[in-house]
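Reminder, nothing fancy here: chain letters follow the sequence lines and each chain counts from 1. Worth saying up front: this structure is predicted, and the values here are computed from it rather than measured.
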Amino acid sequence: MTEALLDVKNLVTSFRTADGDLTAVREVSFSVEQGETLCIVGESGCGKSITSLSVMQLLPKNGKIKSGSIQFNGQELTDLTDEEMRQLRGNEIAIIFQEPMTALNPVFTIGFQIREPLKIHEGLSKKAAHQKGIELLKQVGIPSPEKRMNQYPHELSGGMRQRVMIAIALACNPKLLIADEPTTALDVTIQSQILDLIDDLKKRFNMGVVMITHDMGVVAEVADRVMVMYSGEKIEEADVETIFNHPQHPYTKGLLQSVPNVDDKEHHLEPIPGSLPSLKENISGCRFYDRCEFATEKCRTQSPPKFEASEGHVVRCWLQEESTDERKSSYS
Amino acid sequence: NNEQGSNGNEEGGESAADQELIYATTSDAPGLSPIDTNDSVSSNVVDQVFETLFVRNSDTGEIEPRLAESYETPDDTTWVIELKEGIEFHDGTPFNAEAVKYTFETLIDPERAAPRASLLAPVESVEVEDEYTVVINTKEPYGAMLAALSHSNSAIVSPEADQNGDINQEPVGTGPYKFVEWSKGDQIVLEKNEDYWRGEPGLDKVTFKVVPSVSTAISMMETGEVHFIDGVTSEHKSRIEGNDSFELITKDGTPVYNLGFNYEHEPMNDVEFRKAVSHALNRDSYVETLDGLGVRSNSIVGPQVFGYDESNEDLGYEYDPEKAKEIVEENGFDSETYHMLVPNRDAYINMGEIVQAQLSEVGINVEMEMMEWGTFLDVATEGEFDLTFLSWSNVTGDGSELLYPNLHSDNIGSSNRARYANDEFDQLVEASRDTTDQEARKEFLVEANQLAVEDAIWIPMHHGVIAAAVHESVKGLELESTGRWELYQVTRE
Amino acid sequence: MTTQTVSAKSIKNVEKESVFKDTFKRILKNKLAVVGLVIISIQVLLAIFAPLLTSYAPDTQNLSARELPIGSEGHWLGTDNHGRDMWSRIVYGARISILVGIGSVGLGLLGGVVLGLLSGYYRKLDGIIMRLMDLLFAFPGILLAMLIIAILGTSLVNVVIAISIWSIPNCARIVRGSVLSTKKEEYILAQRSLGSSDRRIMFKHILPNITAPIIVFATMRMATAILSTSALSYLGLGAQPPTPEWGAMIAAGQDYMWTSPHMTIVPGIAIMLVVFAFNVVGDGLRDALDPNMDLN
Amino acid sequence: MSENQAILKLDQLNKHFPVRGGLLKRVQNHVYAVNDVSIEVDEGDSVGIVGESGCGKSTLGRTILRLEEPTSGEIWFKGENITDLSERKLKKFKHDMQMIFQDPFASLDPRQRIGDTIEEPFVIYTNLSARERKEKAIKLLREVGLDETHYYKYPHQFSGGQRQRIGIARAIALNPEMIVCDEAVSALDVSVQAQVIKLLKELQDEYDLTYLFISHDLGVVRHFCNKVLVMYLGNMVEWAPVDELFDNPIHPYTEALLSAIPRPVPGNKREKIQLRGDLPSPSDPPTGCPFHTRCPIATEVCRQVKPEWREVTPNHFVACHERG
Amino acid sequence: MLNLIVSRIAQMFFLLIGISFIVFMSMHFAPGDPARIIGGPTATESDITNIRISLGLDQPVLIQYKDYLLGVLQGDLGYSYQTNESVNEAIATRFPNTLNLAIASMIVAIIIGVFAGVISALKQNTWLDVFTTTGALAGISIPNFWLGTILILIFAVNLQWLPAGQLTAPFWTVEGMKQLILPAITLGTGSAALIARMTRSSMLEVVRSDYVRTARAKGVKEKVVVFVHCMRNAMIPVITVIGMNFGFLLGGTIITEQVFAINGVGRLMIDAIANRDFPMVQGSVLLVASLFVIVNLIVDIVYAFIDPRISYD
Ligand SMILES: Nc1ncnc2c1ncn2[C@@H]1O[C@H](COP(=O)(O)OP(=O)(O)OP(=O)(O)O)[C@@H](O)[C@H]1O
Ligand SMILES: Nc1ncnc2c1ncn2[C@@H]1O[C@H](COP(=O)(O)OP(=O)(O)OP(=O)(O)O)[C@@H](O)[C@H]1O
Ligand SMILES: [Mg+2]
Ligand SMILES: [Mg+2]
Ligand code: NI
């Protein structure tokens with residue numbers, strides 16, 4: 001096994017809030033290799049963004065990585081100083097955020113914002129950075145890039161802005177690209193353009209990509225491997241085929257059942273009853289317990305460990321216990 | 001040090017600046033012409049630039065000639081005045097009978113609408129007899145003529161300057177100081193009149209600075225930015241006295257501060273009410289709050305005013321709250337709340353607060369309303385009050401000039417804000433005005449005063465003490481009991 | 001059914017409390033605001049129990065005990081230039097400042113809220129009302145108050161009126177802004193699609209939802225009102241003597257700065273504390289009422 | 001109640017928003033939000049309205065409910081022309097048309113208890129006593145899967161799905177005949193989305209409701225609707241029964257839209273029809289066919305002439321020069 | 001931009017007419033007769049009548065207003081009742097002082113306010129923040145007439161470092177600056193505090209914004225993040241406050257000029273109101289109001305430079 005580009009182990013991130021600590025990410029582990037796309041899926045509030053921000057060390061002021069390790073290219077990110085981390089950001093690791101409308105600074109030109117990483121990390125002169133910026137804009141498919149360089153974000157459409165964000169992220173040829181719901185705010189026609197673009201660039205530069213989304217369609221389209229999160233925990237991880245065709249966790253199954261299929265009229269929608277538990281709730285057992293139709297007494301009281309359903313297919317559910325007893329993973 | 005004079009401009013400059021006096025005034029002068037103004041701020045400047053025919057000797061109270069040489073009264077209605085010769089206005093116009101005639105005629109010209117035209121209201125005509133003799137004819141005998149002619153507002157102006165320019169902006173007189181510049185709201189600058197007929201004045205330059213707050217003015221005196229302020233009130237007295245480099249100059253003055261009534265309102269026109277008020281007021285303790293800057297007297301015509309007589313001190317109604325309460329209860333004066341109009345100025349506020357508190361102790365309820373000076377005058381003249389305060393800065397120091405405008409029925413609707421009308425009193429005042437024999441005049445005034453005090457027409461709160469603070473370097477400043485001062489003799493060391 | 005209503009009732013109380021409690025809890029987290037609340041409470045207590053807390057009436061003079069310094073026997077805050085007890089004057093002054101604040105802010109709110117609602121809700125009225133507000137707005141506040149007092153005459157009541165008129169444009173703008181943004185909210189649209197009348201929408205749905213900015217405005221405005229009243233009294237346009245209004249006390253004491261500085265300093269500190277208190281509480285309320293604020 | 005009677009008929013409906021500006025705030029331009037929309041909706045239909053953001057879906061919905069005044073055209077509801085009815089007369093019809101909104105966090109008055117929110121329609125339209133209203137409200141709460149303990153709560157105490165149920169309860173309170181759902185499920189997580197869709201379907205069966213279902217999620221539309229209207233830049237593009245539209249899209253825009261949807265089937269990398277560029281501004285729409293700037297098959301005619309609205313196959317309408 | 005300026009000037013024109021009307025009418029209906037004030041306590045009824053005629057006060061009010069307005073349109077603000085001084089000149093001589101004072105205070109306020117606001121936002125919840133925030137709140141709470149008196153007491157009287165009052169020297173001289181310090185601090189404190197509060201909250205908001213996170217994600221240095229990416233955005237609401245505050249400041253000059261014996265428009269105005277000197281009141285109010293409008297126009301223009309999203313065409 002080649003060394004992973006990004007290796008996150010037992011990440012725990014929590015927030016200080018008015019009513020005590022709130023743990024948003026619980027013991028999450030995953031890894032990404034070069035040229036691989038990992039999709040993180042899960043419903044709103046399950047901790048997808050916080051996981052990615054933890055990697056970037058860009059958590060909100062009240063957030064803190066409590067424990068766990070984040071290794072990037074063999075380097076432990078949690079040990080880096082602010083300055084060392086800054087040198088990595090935008091250079092080795094880049095991120096694209098969900099909201100193209102607010103992620104760009106409204107008072108600076110596109111040119112200014114795209115030149116910035118080039119000047120910081122590559123040490124380019126303003127002129128050279130300008131040229132490179134134009135190239136980058138061309139690369140992400142923006143027409144008449146020279147003109148765009150002097151425009152302000154508000155003069156661009158949402159799709160255009162997201163392309164600019166991507167161009168900025170790609171400016172220094174990062175090894176790892178994190179995309180946090182990059183297309184959620186966009187129309188489907190634009191979404192497909194952007195997804196294709198990311199996929200294309202990934203292949204070209206052999207980047208590792210962490211794609212965060214809640215759209216199973218997007219997952220099916222771009223992912224190599226999929227990690228499903230529920231209420232701050234990773235509950236299942238496998239390659240994309242396995243997740244869609246042999247999901248093991250009842251939540252993953254439910255999720256797939258809830259997605260209406262455009263092509264299949266007869267597809268029977270089967271919603272998961274109930275709703276997400278609050279992160280504040282202290283649940284000793286499985287966090288999916290009260291929505292799960294297979295729940296047992298054990299599920300209520302004991303948090304399930306990770307079971308390996310098959311090679312590279314990790315599931316956190318007591319249902320796996322009988323079938324995979326012998327393959328029980330070492331972390332329990 | 002004369003040998004070293006060449007040593008540096010600095011020193012030279014300093015000694016020149018040494019003869020500069022800066023006076024601080026709380027508000028800017030509305031104008032600088034004696035004809036067109038009628039307020040003390042203006043007259044402070046006017047008094048340095050202009051001169052009157054007569055002046056009142058501040059020590060003896062006698063009226064002496066200034067620009068006049070002498071006068072005669074061949075009959076009751078004729079005044080023949082000889083003028084001094086060889087005097088020139090600052091613009092070179094000669095001072096002569098023509099100038100006097102011009103000044104007086106302008107003053108009483110309705111077109112000019114001079115605010116103090118009433119000063120010469122009894123004048124029928126002014127004639128030039130010869131270059132230096134002028135004859136004034138009056139419609140009826142005018143006893144206070146000399147006092148009127150010594151009033152700031154009857155100072156003689158240069159006819160030339162008035163006809164060709166605006167003497168209200170650029171005054172031209174015969175006085176010891178010449179007008180230099182006036183930056184409105186900021187300062188007025190005068191310089192010495194080298195050709196002054198009485199000899200060069202002591203100061204080279206006089207600046208009248210506008211400093212609205214007295215505290216600030218005193219602070220500026222402490223920092224040396226101001227040398228002289230007047231109208232010092234008791235609250236500032238100890239601060240000034242506490243500073244070794246200041247000198248507080250005081251002089252008993254002519255102003256009278258009184259509590260007045262509206263005679264058109266019930267029950268203020270009832271003498272019982274006024275008596276009750278008189279008995280209720282502890283004026284001794286009030287005057288004590290003035291810390292020496294006020295004189296207690298029962299007489300309305302004050303000790304420094306012509307027409308005052310010691311004997312009048314025994315009149316009036318002493319502090320006796322029990323008696324006051326009795327009267328109040330008997331007459332039911334405690335059944336309503338009276339409206340006391342108070343001008344928004346320190347001295348009156350102080351008075352008002354004390355009077356209100358003392359009246360309430362005997363059951364007379366008074367509600368104070370403070371007003372800006374301008375509004376106050378208007379409202380008071382309209383008679384929209386029950387009780388009010390007013391002071392009369394008697395510039396001429398003549399009792400007639402106090403009693404006639406304030407309490408004579410002729411002036412109801414204007415300066416007789418009390419709307420007091422009493423035939424007997426009117427006759428006495430008229431007699432004091434119509435008579436030219438000063439002794440006889442005094443008799444009338446004493447009698448009128450007696451009547452006024454007995455009737456408690458006004459309750460005199462205190463008689464003013466003129467107080468000024470000067471920097472120790474200022475020498476020779478003398479205050480007149482009217483509050484006026486001249487800078488002619490003043491020098492700085 | 002009966003058991004149901006009973007349980008429903010108990011739920012009701014719990015919930016009602018919790019909304020109120022929530023804001024209160026948030027406020028209590030803000031130390032500065034707590035200080036402010038304490039100061040205001042003290043002021044209110046002083047105002048209510050003034051007669052019990054003082055041994056002299058605020059306008060009782062004693063001309064033989066003038067300008068006693070702080071710490072004098074029987075007058076722990078000293079006396080003023082008429083021998084009046086400073087402590088009673090301060091305590092009764094607390095009454096005045098509270099009343100003036102409430103009066104002027106209340107009147108200002110009344111005008112401002114109605115005008116703001118109308119102009120935010122009805123586009124047609126918007127132009128006229130806002131131009132009118134601009135007109136008032138272009139006057140520096142003190143000047144506007146001075147002009148109004150020049151017309152109405154000098155008195156504390158007129159100061160209240162003047163300050164409330166001066167508050168109207170500010171209040172109207174804030175309300176209008178909130179109405180404009182609230183009007184676009186989907187729940188208002190929902191209400192319109194149900195067929196609610198304009199009146200009902202304005203007063204039952206928009207108004208309750210913009211109380212937060214109004215409350216914050218009112219609290220902050222209390223501070224401004226108290227400060228302005230004292231400024232006007234200082235200029236001699238407000239409280240009439242012997243009313244123990246703090247600003248008037250400063251003005252009166254100013255001439256005694258050098259001999260009896262406590263006459264100025266004590267009421268100055270009183271004003272400052274109270275104004276400070278309303279400002280911090282206003283600030284605290286704004287944060288507490290803003291659900292987007294994360295507390296940390 | 002007879003089936004297949006048009007409950008709603010739109011005839012050449014237009015809604016243009018004036019854009020003001022300049023010195024005197026004069027109208028300088030218009031946003032052409034809805035242009036010449038004419039469709040007929042039968043009772044019991046669930047009509048899906050799809051299209052990209054800003055294409056006028058919401059405006060169409062609101063105009064139908066007369067929340068916006070139509071610029072021109074006619075709206076017929078239950079056989080009556082309601083285009084110019086006064087507020088007062090309209091009330092009768094508003095009673096029968098309700099709306100469910102997109103944002104479950106914005107569509108409930110945050111200062112009003114859930115009970116009051118649901119009773120609001122009764123307060124406006126009926127004279128029921130407080131007690132009767134409460135009974136009805138609790139019944140409604142049960143109907144949408146909540147219970148009476150929620151009656152006194154405030155909106156912020158609910159999850160998105162629950163809030164959406166409350167919105168639904170309010171909308172069905174008066175037994176309306178037609179409900180406009182503006183992105184009613186878009187803001188919900190998939191698992192909850194499925195719950196709400198299921199609820200809406202159940203209610204339709206129970207009350208014979210007609211839905212105008214505005215959505216940009218074609219998957220949901222396919223699942224939920226029986227007819228679909230595709231809009232582009234305020235114009236009708238295609239209008240057909242749902243299977244017909246998904247199986248045989250005619251308009252190139254519909255085609256592109258369908259192909260762009262990511263399918264939740266891994267490994268199924270289909271050829272997509274990529275559209276060039278962005279949506280043009282609705283205040284400066286292209287001449288001719290509004291889609292010609294992005295259309296892969298546009299010709300000169302498309303640039304010049306606006307295509308006619310034609311019935312290509314029975315019940316399948318399209319506006320395109322090249323196809324059909 | 002030109003469009004904006006033209007429309008604002010048109011707006012100002014109507015605004016000023018409105019204001020002049022309000023002031024004119026209110027002055028005329030206010031108690032207090034200018035003629036009587038000029039006449040002084042001793043004037044007789046006929047004196048007063050003469051004065052009234054000479055001032056034109058015997059005409060119907062609307063005619064007086066019309067005449068006045070015609071004069072104003074020709075740039076003539078009339079003549080003082082009190083001193084007969086031309087109002088234009090009276091204002092021209094005093095305005096520089098007021099402007100100096102206002103600008104100096106504004107500078108003090110902006111420097112202190114922005115600095116304090118930024119510091120306290122960056123050091124949120126530290127003692128420095130608490131100190132600055134408390135200071136800012138205290139700053140708005142101090143009555144400025146009181147502050148002025150106390151500053152004079154300390155710095156002019158006791159320490160003798162600075163003059164106690166008046167502006168006599170031009171502001172660019174050392175003397176002039178010394179004279180400006182105390183009044184500028186007195187007047188500027190309240191505004192500084194407001195600006196500090198606004199800067200702090202606006203800064204806090206900006207610091208949390210998505211685009212600042214983007215900047216950090218690009219690896220931008222923290223200093224640049226704060227001073228380039230945050231500052232410009234954070235200043236947008238602050239500028240509005242500064243504009244609004246100018247009105248507050250102009251109002252404040254009335255009191256500050258009184259305390260520090262400065263010969264400015266504020267004092268001119270207060271005296272004029274007290275003396276019922278209508279033309280002077282009108283003139284100075286119009287001046288102050290136009291100044292306010294102009295400053296806000298400038299604010300709008302600055303706005304457009306800072307925030308590209310705003311265009312005024
Ligand atoms: N600054 C914060 N303070 C407290 N809690 C926070 C903060 N930021 C996020 N959270 C909580 O952390 C949890 C995880 O948030 P996160 O943004 O990772 O969700 P997500 O999976 O990205 O959801 P979405 O799909 O809506 O983006 C949420 O419950 C949220 O409430
Ligand atoms: N009140 C309004 N004034 C001016 N323009 C408006 C108004 N409401 C909507 N528009 C414009 O009309 C067009 C259509 O808007 P609409 O909200 O109907 O689109 P939509 O299809 O619902 O989009 P989305 O999917 O984003 O909700 C848009 O360009 C919008 O900017
Ligand atoms: Mg997220
Ligand atoms: Mg919409
Ligand atoms: Ni004083």
[X], part contacting chain E, at a heavy-atom distance under 4.5 Å:
{"X": "B/Q169", "value": "side chain"}
{"X": "B/D410", "value": "neither"}
{"X": "B/T381", "value": "side chain"}
{"X": "B/D186", "value": "both"}
{"X": "B/A114", "value": "backbone"}

Could you give the distance from [atom1] ([X]) to [atom2] ([Y]), rounded to the nearest 0.5 Å?
{"X": "B/S219", "Y": "E/F155", "atom1": "OG", "atom2": "CZ", "result": "14.0 Å"}
{"X": "E/D271", "Y": "B/D28", "atom1": "CG", "atom2": "CG", "result": "8.5 Å"}
{"X": "E/I152", "Y": "B/E222", "atom1": "CD1", "atom2": "CD", "result": "11.0 Å"}

Of all of B/G31, B/G224, B/P110, B/A380, which one pairs up most often with chain E through heavy atoms under 4.5 Å apart?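 Of the options given, most contacts go to B/P110.
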
Which one of B/D39, B/V210, B/I218 has the most heavy-atom pairs closer than 4.5 Å to chain E?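 Option with the top pair count is B/V210.
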
Enumerate the side chain to side chain donor-acceptor pair (under 3.5 Å) contacts for residues 60-70 of chain E, please, sequence neighbours excluded, ordered by first and then second residue.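 Output for this query lists E/S20-E/Y65, E/H28-E/Q64.
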
Within 6.0 Å of CD in B/E241, more than 12 heavy atoms from elsewhere: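 Result for CD/B/E241: enclosed.
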
All salt bridge (Lys or Arg N to Asp or Glu O under 4.0 Å) counterparts of E/R267, not counting sequence neighbours: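 Not a single residue meets the salt bridge (Lys or Arg N to Asp or Glu O under 4.0 Å) criterion with E/R267.
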
